[in-house]
S.K.: 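Before we start, here is the structure in question, set down as C-alpha cells.
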Amino acid sequence: MNPGAIGEKGCTAPVAIYVRLLRHRRFAGLCFGQMISLIGDAFFPIIVVVAAAKAGTPAETIGAVFAARFVALGAVVLFSGALLDRFDPVRAAVVADSTRVAALVALALVWDGRLDAVVILVAVLIGLCEAVSEPALLVVAPRILPDPADRSAAGAEDAEVTAAYGLLEGMRNSAGMVGPTLAAAIVGALGAPTGAVLAAFAFGVSAAATRWAGARVETRSQAGPAGAERTSAQAGPEPDGPPDGREDPDEAEPALLRTALQGLAVLWRIPWLRHVQLLAVVHVVFAVGPWMVALPVFLIERGHSATVYGFVLGAFAIGNAAGPWSAAGSAAGTAACTRSPCSPCTA
C-alpha cells in the first residue's frame, strides 16, 4: 500500500479539507450567499449610528434601537431549534432573508432619518430573522454535502461536517472584519437610504443562493420516503408501529414551548454542554448585550464618526477569527487521521 496515498486520504491538511468542501458547487453557493449576507448585516447598525449622529439623537433612543434587535434575537433563538424541527430549514432561511429585504427597502423608502418607531420595528424584524436564519444555516450546511457513500475516504463525513462548521464560523468573523468598515464608508458617503438598499440587495442575493443550494436538501427529503419504502419491502414486515420510524400522524405534535423545554432539559443533563452554555449565557447577558447597546451610545456621545464604530466592530471580529478556522481544521484533520493507519501523521 502506498503510504503517500494513505496520508493524502486520511491525513488531509485543514486547508485541503476546506478546498474539497468548496468544490461542492451547492455548498460553495451557500457560502457565497452567506458571506454577502454577513456583509449586509453590518449595514443596519452603521445606518443607525450615522442617522443618530446627524440628528443629535438622545442616548436613550439609540440604546432602545440596539436593545430591540438584541432582545428580539435572544427571545426567539431559544425556540429556533424547535421551529426548524417543524419547518423546512431552507424555506425558513429564505423567508428570513426575504423579510429583511422587505424591511430594509421599506426603511429606505419611508424613513425620514429620525430614530423613531419605524427604525425600532425594523430592528426587531432583523433580530427575529437572525434568530431563525443562523440556526437554519447550521442545519442546512451538512445536508448539502454529498452522501457518505459518494465520498472517497472512509470517515470523511465527520471530518467534512466539522470543517464545514468551522468554515462557516470563520466566514462570519472574516465578514465581521470587512463588513463594518465597508458599510461605514458607503453609508458615510452615499447616505443611510443607499446603505439600506445595498443591505437589502445583499439579503436578496443570500436568499437566492440559499434557495438554489437547498434544492439538494429538498431532493433528499422527497426521495427519503420512497427509499425507505423500498428498504422496508426488502427487509420484510416491520414490528408494530408507524413506518420509517416516524411518529403516528394521529398523535398530536408537542407544543412548541414543550419541545424547546425538552431540548433544554437534554442540554442540562450533559455536564460539559451545560457548563459551556451557561458560560455563553453569562457572556451574552453581561458582556455582548451591554456592549452592543452601549458602544454606539458611547462613540456618539464622544463625537466619533461611524468609521470609528466600524473599525471597532472589525477589531472585535479579528479577535474571533483565528479560532474557528484553526480549531475546526485541526479537529477535522485529527478525525481523518484517527480513521486511517498512517503513522506518523502530520496534518
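Predicted model, so just to flag it, every value in this text is computed and none were measured.
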S.K.: In the structure I gave you, are the side-chain heavy atoms of D41 and R100 within less than 4.5 Å of one another anywhere?
M.R.: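 In short, these two side chains touch, coming nearer than 4.5 Å.
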
S.K.: Between L137 and Y165, is there a side-chain heavy-atom distance shorter than 4.5 Å?
M.R.: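 Y165 vs L137: side chains apart.
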
S.K.: Ignoring hydrogens, what is the shortest heavy-atom contact between A136 and P89? Give both atom names and the distance.
M.R.: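 Result for this residue pair: CB-O, 3.6 Å.
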
S.K.: Let me see the working for T99 and C129 under side chain to side chain contact (heavy atoms under 4.5 Å, CB included), right down to the final yes or no.
M.R.: CA-CA 7 Å; T99 302; C129 292; 3.7 Å; yes

S.K.: Nearest heavy-atom pair of A64 and I120: which atoms, and what distance?
M.R.: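 It is CB-CD1, 4.5 Å.
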
S.K.: If hydrophobic clusters are built by linking Ile, Leu, Val, Met, Phe, Trp and Tyr wherever their side-chain heavy atoms come under 4.5 Å apart, do V139 and V95 end up in the same one?
M.R.: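 Unlinked, V139 and V95 end up in two clusters.
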
S.K.: Would V140 end up clustered with L145 when hydrophobic side chains under 4.5 Å apart are linked, directly or stepwise?
M.R.: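 Yes: a chain of side-chain contacts under 4.5 Å links V140 to L145.
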
S.K.: Is it possible for you to say whether V122 and V71 belong to one hydrophobic cluster, with membership spreading through side-chain heavy-atom contacts below 4.5 Å?
M.R.: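 No, it is not one cluster - the side chains of V122 and V71 are not joined through contacts under 4.5 Å.
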
S.K.: So, Y18 side chain and A163 main chain: donor-acceptor pair closer than 3.5 Å or not?
M.R.: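 Here the side-chain-to-backbone pair does not exist.
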
S.K.: Would you compute the distance between atom CD1 of I126 and atom CG of L107 and round it to the nearest 0.5 angstrom?
M.R.: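 Reported to 0.5 Å precision, the distance equals 8.0 Å.
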
S.K.: Taking all atoms of both residues into account, what is the closest heavy-atom pair of A164 and F27, and its distance?
M.R.: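 Shortest heavy-atom contact: CB-CZ, 3.8 Å.
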
S.K.: Flag the pair I39 / L182 as yes when at least one side-chain heavy-atom distance between them is below 4.5 Å, and no otherwise.
M.R.: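 Yes, side chains in contact.
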
S.K.: Any sub-3.5 Å donor-acceptor pair from S37's side-chain atoms to G33's backbone N or O?
M.R.: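 No; judged by distance alone, with no hydrogens or angles, the pair does not exist.
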
S.K.: Minimum heavy-atom separation for C31 and L167, please, with both atom names.
M.R.: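 Heavy atoms only, the tightest pair is SG-CD2, 4.2 Å.
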
S.K.: Got V49 and P296 here, is their nearest side-chain heavy-atom distance under 4.5 Å?
M.R.: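 They are in contact (side-chain heavy atoms under 4.5 Å apart), so the answer is yes.
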
S.K.: Taking the side chain as every heavy atom from C-beta outward, state whether F66 and P45 have any pair of such atoms under 4.5 Å apart.
M.R.: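 Counting from C-beta outward, F66 and P45 do come under 4.5 Å.
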
S.K.: Do you know the tightest heavy-atom contact between M171 and M35?
M.R.: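 Taking every non-hydrogen atom into account, CE-N, 3.7 Å.
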
S.K.: Can you tell me how far OG of S133 sits from CD of Q34, rounded to the nearest 0.5 angstrom?
M.R.: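 Rounded to the nearest 0.5 Å, the CD-OG separation comes out at 7.0 Å.
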
S.K.: Quick check for you: to the nearest 0.5 Å, what is the distance between F43 atom CZ and I186 atom CD1?
M.R.: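 Going from the CZ atom of F43 to the CD1 atom of I186 covers 4.0 Å.
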
S.K.: Once you round to the nearest 0.5 Å, how far does CG of L38 lie from CE of M177?
M.R.: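 Going from CG on L38 over to CE on M177, the span is 12.0 Å.
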
S.K.: Specify the closest pair of heavy atoms between I47 and A196, including all atoms of both residues, with the distance to one decimal.
M.R.: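 Taking every non-hydrogen atom into account, CD1-N, 3.5 Å.
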
S.K.: How many angstroms lie between atom CG of L138 and atom CG of L168, to the nearest 0.5 angstrom?
M.R.: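 It comes to 7.0 Å.
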
S.K.: Kindly say whether W212 contributes a backbone atom to a donor-acceptor pair with the side chain of R26 at under 3.5 angstrom?
M.R.: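 It does hold such a pair.
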
S.K.: Starting at OG1 of T162, measure out to CD1 of I17 and round the result to the nearest 0.5 Å.
M.R.: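 It is 8.5 Å, given to the nearest 0.5 Å.
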
S.K.: Can you tell me if W111 uses its side chain to pair, donor with acceptor, with the backbone of R114 under 3.5 Å?
M.R.: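 Checked: pair present.
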
S.K.: When clusters are formed by joining ILVMFWY residues with side-chain heavy atoms under 4.5 Å apart, either directly or through shared neighbours, do V197 and V119 land in the same one?
M.R.: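 V197 and V119: separate clusters.
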
S.K.: Dump the intermediate steps for side chain to side chain contact (heavy atoms under 4.5 Å, CB included) on V282 and L278, then the final yes or no.
M.R.: CA-CA 6 Å; V282 170; L278 287 175; 5.6 Å; no

S.K.: Hydrophobic cluster membership, with links at side-chain heavy-atom distances under 4.5 Å among I/L/V/M/F/W/Y: are L313 and V50 in one?
M.R.: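 Yes; tracing contacts between hydrophobic side chains, which count when under 4.5 Å, links both residues.
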
S.K.: Treating R69 as the side-chain partner and A123 as the backbone partner, does any N or O pair qualify as donor plus acceptor under 3.5 Å?
M.R.: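 Not confirmed, R69 side chain does not pair with A123 backbone.
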
